[in-house]
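Following: one structure in structure tokens, then a few remarks.
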Amino acid sequence: MSPSQRKAHDENLIKTNSPSIFNSNKSDFMKLKQQINSILLDALQQAGIEAQAVQVSDASKPEFGDYQYNGIMALAKQQKRNPREIAAEVVAHIPTDGMIARAEVAGPGFINLWLDTNWVSQSVQMLVGDARLSVDTVDTPSKVVVDYSSPNMAKQMHVGHLRSSIIGDTLANLFAFLGDEVIRQNHIGDWGTQFGMLIAYLEEMGEDGSGSLSDLEQFYKDAKGRFDADAAFADKSREYVVKLQGGDVHCLHLWDNFIDKSLGHCEEVYSKLGVNLTREDVRAESSYNDELAGIVTALDDKGLLTLSDGAQCVFLEGDENPFLVQKSDGGYLYATTDLAAIRYRVQTLGADRISYVVDARQAGHFRQLFSVARQAGFAKPDTRLEHVSFGMMLDKSGRPFKTRDGGTVKLIDLLEEAVIHAKEAITSREAYSDEELERIAEIVGIGAVKYADLSIHRDSNYIFDWDKMLSFEGNTSLYLQYAYARIQSILRRYEGEVSGAIILTTDPERALALKLLQFEDMLHRAAAESLPHYITTYLYELATLFMKFYETSPILKDDVDEVTRQNRLQLSVLTGETIQRGLGLLGIGVLERL
RNA sequence: GCACUCUUAGCUCAGCUGGAUAGAGCAUCGGUUUGCGGUACCGAAGGCCACAGGUUCGAAUCCUGUAGAGUGUACCA
């Protein structure tokens with residue numbers, strides 16, 4: 001994706017492509033839970049009960065309605081009153097002539113709420129023709145920096161970069177869709193002693209190096225081999241590190257060339273993965289080099305530094321280990337660079353929130369980093385700094401994901417394998433041309449890899465299993481893509497224009513419609529907690545409800561009257577659009593036929 | 001040693017501010033077919049939520065301890 005395409009991508013996430021005529025008053029129908037909360041709060045006040053904020057939750061069972069409020073018991077305790085009595089008073093003040101049709105006290109003092117079916121019908125009608133599916137943007141947009149992927153230029157991207165790249169990209173897409181201004185930052189590792197060796201070797205291989213750099217992994221191994229075997233080469237490598245840091249033109253040229261090629265490899269992976277990172281988003285480690293001395297000075301001015309064993313450290317309260325910002329030999333560390341990056345992001349980019357999508361092993365580093373950044377004033381007190389951590393990728397037997405001989409798995413190889421597995425999985429009912437099969441397998445295979453990762457809680461380790469991720473059964477991308485294709489099939493068969501009103505009459509229709517309405521609440525929750533698996537869980541539930549609806553509710557059969565048919569077609573269209581939008585946020589494509 | 005994270009059905013995982021009888025999928029067993037795409041749907045069975053205490057009207061969820069697993073622990077990033 002080119003920079004201009006990327007820009008268009010983000011803008012499209014916010015823009016409403018085909019404005020609904022209902023947009024003017026759509027806020028009346030938006031943010032389901034907030035509206036219910038506010039109705040409940042009013043009722044509490046009218047019943048003379050003090051409450052700060054109330055939060056309803058989804059009903060735990062269908063018998064308990066659509067939503068339930070569990071907070072009465074706690075309030076009753078504060079007031080030393082009987083919870084059922086209070087609940088009854090509150091229920092008496094809940095209007096049941098609009099959004100809510102029924103409110104009941106249950107058990108020790110739960111309040112169960114049923115939404116009015118007509119209200120649901122009208123609300124879902126609002127989604128028709130709205131490219132945003134009535135998902136509102138946030139009231140006050142933030143500037144959000146999402147720091148993700150961040151590969152090291154010395155080596156080829158491997159599976160260790162997969163999770164950061166796709167979780168980060170999803171969050172960036174999500175924040176943008178919800179109206180925040182997103183600044184993607186690819187903090188690539190392009191500096192350090194190994195680059196002396198690499199450029200010295202590049203020089204030997206011929207400066208252009210385009211041939212020898214085609215396999216970075218091999219290039220690194222070869223260079224390391226030379227380094228270990230030849231003392232003269234090793235000396236030259238060390239000399240080149242110094243020269244590079246000193247701004248030597250020849251070495252810088254070699255280095256530029258090397259980084260350019262290496263970044264090119266990354267872009268190949270991003271393109272195949274459908275990750276929206278461009279060169280515009282690259283802000284390399286080396287770009288902070290000139291600021292590092294100033295960072296140390298600034299920390300010193302604040303009185304935060306202690307010299308310990310010759311190194312400049314910040315000692316943090318309750319922390320055994322210091323935060324090192326300058327080595328005893330005067331060199332700087334990644335801690336220093338990270339501080340410079342925070343300062344840049346807050347002070348120059350104007351970030352309100354910075355999300356670091358980095359694996360869980362670095363939790364300690366980020367805790368220290370954030371603490372020091374605040375103490376030094378690089379981040380404001382209200383700057384939201386968060387480590388969006390994630391667990392490891394494990395193989396089927398629960399061990400860290402490696403190649404058969406224990407090496408790291410190159411990301412590009414993994415993705416190619418995904419496409420091969422996908423071809424096997426989609427033994428199709430119709431014969432595809434080779435070209436078509438390739439296209440479908442790519443969308444299915446890459447989608448499966450991404451979905452498998454995004455569908456589990458990011459904090460836990462997850463088992464990488466081809467068979468499971470490429471199954472049509474269970475919570476997989478294929479199940480969703482199949483549901484989508486099925487919907488498109490109906491629409492193709494119908495051929496006419498879908499234009500009727502949504503009038504919900506049956507339970508499966510109603511359940512599906514309500515789920516469609518909950519898309520917005522779910523997205524805001526996923527964004528607030530930076531948890532992509534809320535999206536996949538929702539989409540799977542949505543698709544499941546659609547399948548049930550589909551089984552029980554004929555659409556195109558001869559004996560279906562036109563009003564019912566239009567109603568059901570509309571629900572199908574909306575379901576398809578929601579699946580497409582949801583998967584789109586995850587960077588996963590859909591297919592018209594499968 | 002210390003710190004952090006984790007432990008939910010045979011397996012892979014959900015479980016929002018503490019709430020009602022802890023939910024899915026896979027696998028197992030049993031159903032649905034003159035099917036708008038059956039790669040679907042319905043049902044059954046499967047649980048001491050690691051263990052022991054505590055707080056609470058109420059705990060998978062909060063606190064303490066124990067066991068097991070993983071990760072991190074000053075001059076790499």
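Lettering of chains follows the sequences in order, A, B, ..., and the numbering in each one begins at 1. Since we're looking at a predicted model, the values are computed, not measured.
For the P atom pair drawn from U56(B) and G18(B), the interatomic distance equals 16 Å after rounding to whole Å. The P atoms of U8(B) and U55(B) are separated by 27 Å, rounded to the nearest whole Å. Rounded to whole Å, the separation between the C1' atoms of A40(B) and G35(B) comes to 9 Å. Taking the P atoms as reference points, C76(B) lies 36 Å from U66(B), given to the whole Å.
Per the stacking criterion (ring centres < 5.5 Å, plane angle < 30°), Tyr494(A) does not stack onto the base of C36(B). In this pair, Phe110(A) does not lay its aromatic ring on the base of G19(B); centres under 5.5 Å and planes under 30 degrees do not both hold.
With U56(B), G19(B), A40(B) as the candidates, the nucleotide lying closest to the side chain of Arg486(A) is A40(B). Closest contact between the side chain of Arg493(A) and the listed nucleotides A77(B), G37(B), U39(B) involves G37(B). For Lys61(A), counting side-chain heavy atoms from C-beta on, the closest listed nucleotide (G25(B), U56(B), G23(B)) is G23(B).
Ala360(A) comes within 4.0 angstrom of no nucleic acid atom, judged by non-hydrogen atoms across all strands. Contact annotation for Gln55(A): base contact, defined as any heavy-atom pair under 4.0 Å involving a base atom. Base engagement by Ile555(A) is indicated by at least one non-hydrogen atom pair under 4.0 Å involving a base atom. Base contact: Phe64(A) has a heavy atom under 4.0 Å from a base atom. Using a 4.0 Å heavy-atom distance criterion, Ala76(A) is classed as making no nucleic acid contact. Across all strands shown, Asn70(A) has heavy atoms under 4.0 Å from base atoms, whether or not it also approaches the sugar-phosphate. Using a 4.0 Å heavy-atom distance criterion, Arg525(A) is classed as a base contact. Using a 4.0 Å heavy-atom cutoff across all strands shown, Ala74(A) reaches at least one base atom of the nucleic acid. Ala335(A) comes within contact range of no nucleotide atom at all, as no heavy-atom separation falls under 4.0 Å. At the heavy-atom level, Met547(A) lies under 4.0 Å from the strands shown only through sugar-phosphate atoms. Across all strands shown, Pro554(A) has heavy atoms under 4.0 Å from base atoms, whether or not it also approaches the sugar-phosphate. Residue-level contact check: Glu285(A) touches the backbone only, with heavy atoms under 4.0 Å from sugar-phosphate atoms and none from bases. Contact annotation for Asn461(A): backbone-only contact, meaning every heavy-atom pair under 4.0 Å involves sugar-phosphate atoms and none involves a base.
Contact annotation: His365(A) does not reach the phosphate of A74(B) (side-chain N/O to OP1 or OP2, under 4.0 Å). For Thr537(A), no side-chain nitrogen or oxygen approaches OP1 or OP2 of C16(B) to under 4.0 Å. A sub-4.0 Å separation between OP1 or OP2 of C26(B) and a side-chain N or O of Lys468(A) is absent. Phosphate proximity of U56(B) to Lys77(A): absent, as no side-chain N or O sits under 4.0 Å from OP1 or OP2.
Annotation: cation-pi pair Arg163(A)/Tyr462(A) absent, no NZ/CZ under 6.0 Å from the ring centroid and within 45° of its normal.
Looking only at distances, a side-chain donor or acceptor of His161(A) sits under 3.5 Å from a matching main-chain atom of His158(A).
Partner of Tyr479(A) under the ring-ring contact (aromatic ring centres under 6.0 Å, His included) criterion, chosen from Tyr540(A), Tyr484(A), Phe472(A): Tyr540(A). A ring-ring contact (aromatic ring centres under 6.0 Å, His included) with Tyr356(A) holds for exactly one of Tyr148(A), Phe390(A), Phe366(A); it is Phe366(A).
Residue-environment remark: CD (Glu50(A)) stays at or below the threshold of 12 foreign heavy atoms within 6.0 Å. For Glu562(A), the CD atom counts as densely surrounded, since its 6.0 Å shell holds more than 12 non-hydrogen atoms of other residues, nucleotides or ligands.
Within 3.5 Å, a donor on the side chain of Ser57(A) pairs with an acceptor on the base of U17(B), or the reverse. Between the base of A74(B) and the side chain of Ser308(A) there is a donor-acceptor pair shorter than 3.5 Å. In this model, no side-chain donor or acceptor of Asp190(A) finds a partner on the base of A77(B) within 3.5 Å.
Nucleotide G30(B) forms a Watson-Crick or G-U wobble pair with C42(B), both donor-acceptor distances falling under 3.5 Å.
Salt bridge Asp66(A)/Arg510(A): present, at least one basic N to carboxylate O contact under 4.0 Å.
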